[in-house]
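Indexing begins at 1, ligand by ligand and atom by atom, following the structure's order.
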Amino acid sequence: MPSHVSFIMDGNRRYARKNKLKQVAGHEAGYFALLSMVTYCYELGIKYVTAYAFSIDNFNRRPEEVQSIMDLMTEKFELLCRKDSVVNGYSIRVHVSGNLQLLPQHSRDAANKLMSLTVNNFGLLLTICVAYTSTDEIIHAVEKCCEEKWVENDGRTISLADIEKRMYMEIAPDLDIVIRTSGENRLSNFLLWQTAKSYLYSTSALWLEIRIWHLVWAVFNFQRYQLLQKKEE
Ligand code: FPP
């Protein structure tokens with residue numbers, strides 16, 4: 001089985017348009033689709049799940065849309081903090097990854113509260129990338145390395161391990177599978193560092209149309225690809 005599966009949740013607005021829903025209703029339904037995928041992953045024995053919820057570029061959307069997504073996230077993070085929430089039911093630890101300084105205070109507070117309340121959950125690690133881009137993550141890690149080396153003044157050069165230790169995603173192993181919906185085949189600045197050897201699975205289904213069989217099919221293809229690689233060695 002793969003140990004780390006990620007989702008690029010694309011197509012919420014298209015789904016909302018297609019079904020004559022408000023945009024925010026599309027995003028809210030997208031949140032529930034994510035919870036279903038996470039529970040399926042849990043049942044399959046996958047230990048790490050990462051979802052791309054909001055990129056730094058998404059801040060360039062209309063201010064009303066940005067605000068409604070931020071409000072939605074705050075509301076959902078707060079709901080997940082409850083003892084009877086799905087993350088506590090499945091013992092899911094939630095990590096919110098990205099440049100959290102870019103979030104409004106209420107979303108940042110809710111994210112920090114959720115991370116600290118679930119820190120001892122051990123069933124699965126769910127990383128939600130918010131205010132995230134891979135290039136921002138890499139710049140941030142390199143800056144941190146330079147600052148620390150400057151203070152230590154030990155004359156050592158920066159190693160791969162130095163950078164990896166300072167990544168937002170340091171908490172999880174590299175990805176096995178990236179699943180992207182809506183027929184797009186790009187990574188869109190998502191986990192570029194951590195996907196060097198990942199299997200990419202793209203489906204034409206919109207995010208809200210994703211079902212368990214998409215996940216199972218992606219896992220099956222990943223396993224076939226692993227097997228073929230082993231045979232070649
Ligand atoms: C991509 O579809 C989706 C987003 C940019 C927002 C996703 C946010 C959520 C699902 C809410 C998540 C909340 C929590 C707490 C995880 P799109 O808007 O780019 O749709 P399009 O491709 O049809 O334009």
Side-chain angles (χ1 to χ4, degrees), residues 5-42 48-82 85-88 90 92-100 102-104 106-115 117-118 124-134 136 168-169 172 178-191 202-210:
V5 172
S6 71
F7 298 100
I8 303 182
M9 309 187 282
D10 208 5
N12 291 349
R13 294 186 298 187
R14 272 169 274 181
Y15 184 91
R17 261 198 306 277
K18 207 164 105 180
N19 292 280
K20 302 197 171 23
L21 296 170
K22 286 195 174 150
Q23 251 178 22
V24 67
H27 292 313
E28 179 162 32
Y31 161 78
F32 288 109
L34 173 62
L35 291 189
S36 302
M37 281 300 131
V38 173
T39 53
Y40 295 144
C41 286
Y42 176 91
Y48 300 88
V49 174
T50 297
Y52 202 7
F54 197 84
S55 81
I56 291 178
D57 301 333
N58 289 148
F59 281 110
N60 297 325
R61 291 188 177 190
R62 284 183 308 111
E64 308 83 69
E65 188 189 351
V66 173
Q67 193 182 336
S68 65
I69 295 177
M70 290 300 138
D71 291 348
L72 177 70
M73 273 186 198
T74 305
E75 179 197 319
K76 299 305 178 196
F77 287 154
E78 278 168 0
L79 272 176
L80 291 176
C81 285
R82 287 168 43 163
S85 75
V86 64
V87 293
N88 287 317
Y90 282 85
I92 294 170
R93 177 178 176 189
V94 183
H95 182 69
V96 184
S97 190
N99 193 338
L100 303 193
L102 301 176
L103 295 179
H106 60 92
S107 307
R108 191 163 56 246
D109 289 348
N112 284 329
K113 186 170 156 203
L114 180 58
M115 285 194 276
L117 281 176
T118 59
L124 180 151
L125 173 68
L126 168 63
T127 303
I128 304 176
C129 293
V130 175
Y132 176 89
T133 58
S134 202
D136 177 72
Y168 302 136
M169 288 295 295
V178 180
I179 298 179
R180 179 160 192 168
T181 54
S182 302
E184 309 285 351
N185 293 301
R186 294 167 286 122
L187 280 175
S188 299
N189 217 339
F190 177 57
L191 303 176
S202 166
T203 166
S204 60
L206 302 175
W207 173 245
L208 285 157
E209 295 164 345
I210 193 164

List ligand 1 atoms under 4.0 Å from [X], heavy atoms only on the residue side.
X	value
Asn58	5 (C)
Lys76	15 (C)
Gly30	10 (C)
Gly11	2 (O), 20 (O), 21 (P), 22 (O), 23 (O)

Exercise. Does ligand 1 have an atom that lies less than 4.0 angstrom from a heavy atom of Phe54?
Worked result: no
Exercise. Applying a strict 4.0 Å limit to heavy atoms, is Arg17 in contact with ligand 1?
Worked result: no
Of the protein's non-hydrogen atoms, which lies at the shortest distance from [atom], and what is that distance?
atom	answer
atom 6 (C) of ligand 1	Ala53 O, 3.2 Å
atom 13 (C) of ligand 1	Met73 CG, 3.8 Å
atom 24 (O) of ligand 1	Arg13 NE, 2.9 Å
atom 14 (C) of ligand 1	Tyr31 CD1, 3.7 Å
atom 1 (C) of ligand 1	Met9 O, 2.9 Å
atom 9 (C) of ligand 1	His27 O, 3.9 Å
atom 17 (P) of ligand 1	Arg61 NH2, 3.6 Å
atom 23 (O) of ligand 1	Arg14 N, 2.8 Å

Could you tell me whether a side-chain N or O of [X] sits under 3.5 Å from a main-chain N or O of [Y], the two making a donor and an acceptor?
X	Y	answer
Arg108	Leu100	yes
Asp136	Gly98	no
Asn58	Ser55	yes
Thr133	Ile56	no

Problem set entry | Side chain, backbone, both or neither: Phe77 near ligand 1, heavy atoms under 4.0 Å | side chain
Exercise. Where's the contact between Leu80 and ligand 1, heavy-atom distance under 4.0 Å: side chain, backbone, both or neither?
Worked result: neither
Problem set entry | Any N or O of Asn12 closer than 3.5 Å to N or O of ligand 1 | yes
Problem set entry | Residues which pass ring-ring contact (aromatic ring centres under 6.0 Å, His included) with Tyr40, listed by chain and number, not counting sequence neighbours | none
For this session: Taking only Lys NZ, Arg NE, NH1 and NH2, and the carboxylate oxygens of Asp or Glu, determine whether Glu78 and Lys113 approach each other closer than 4.0 Å.
Result: no
For this session: For Arg14 and Ser182, run side chain to side chain contact (heavy atoms under 4.5 Å, CB included): C-alpha distance rounded to whole Å, both residues' side-chain angles, the deciding distance at 0.1 Å, then the answer.
Result: CA-CA 9 Å; Arg14 272 169 274 181; Ser182 302; 3.7 Å; yes
Seminar exercise, completed: side-chain hydrogen bond (donor to acceptor under 3.5 Å, both in side chains) with His27: of Arg13, Lys22, Glu65, only one passes, and it is Glu65
Exercise. Given Phe7, which of Tyr48, Trp207, Tyr52 fulfils the ring pair (Phe, Tyr, Trp, His ring centres under 6.0 Å) condition?
Worked result: Trp207
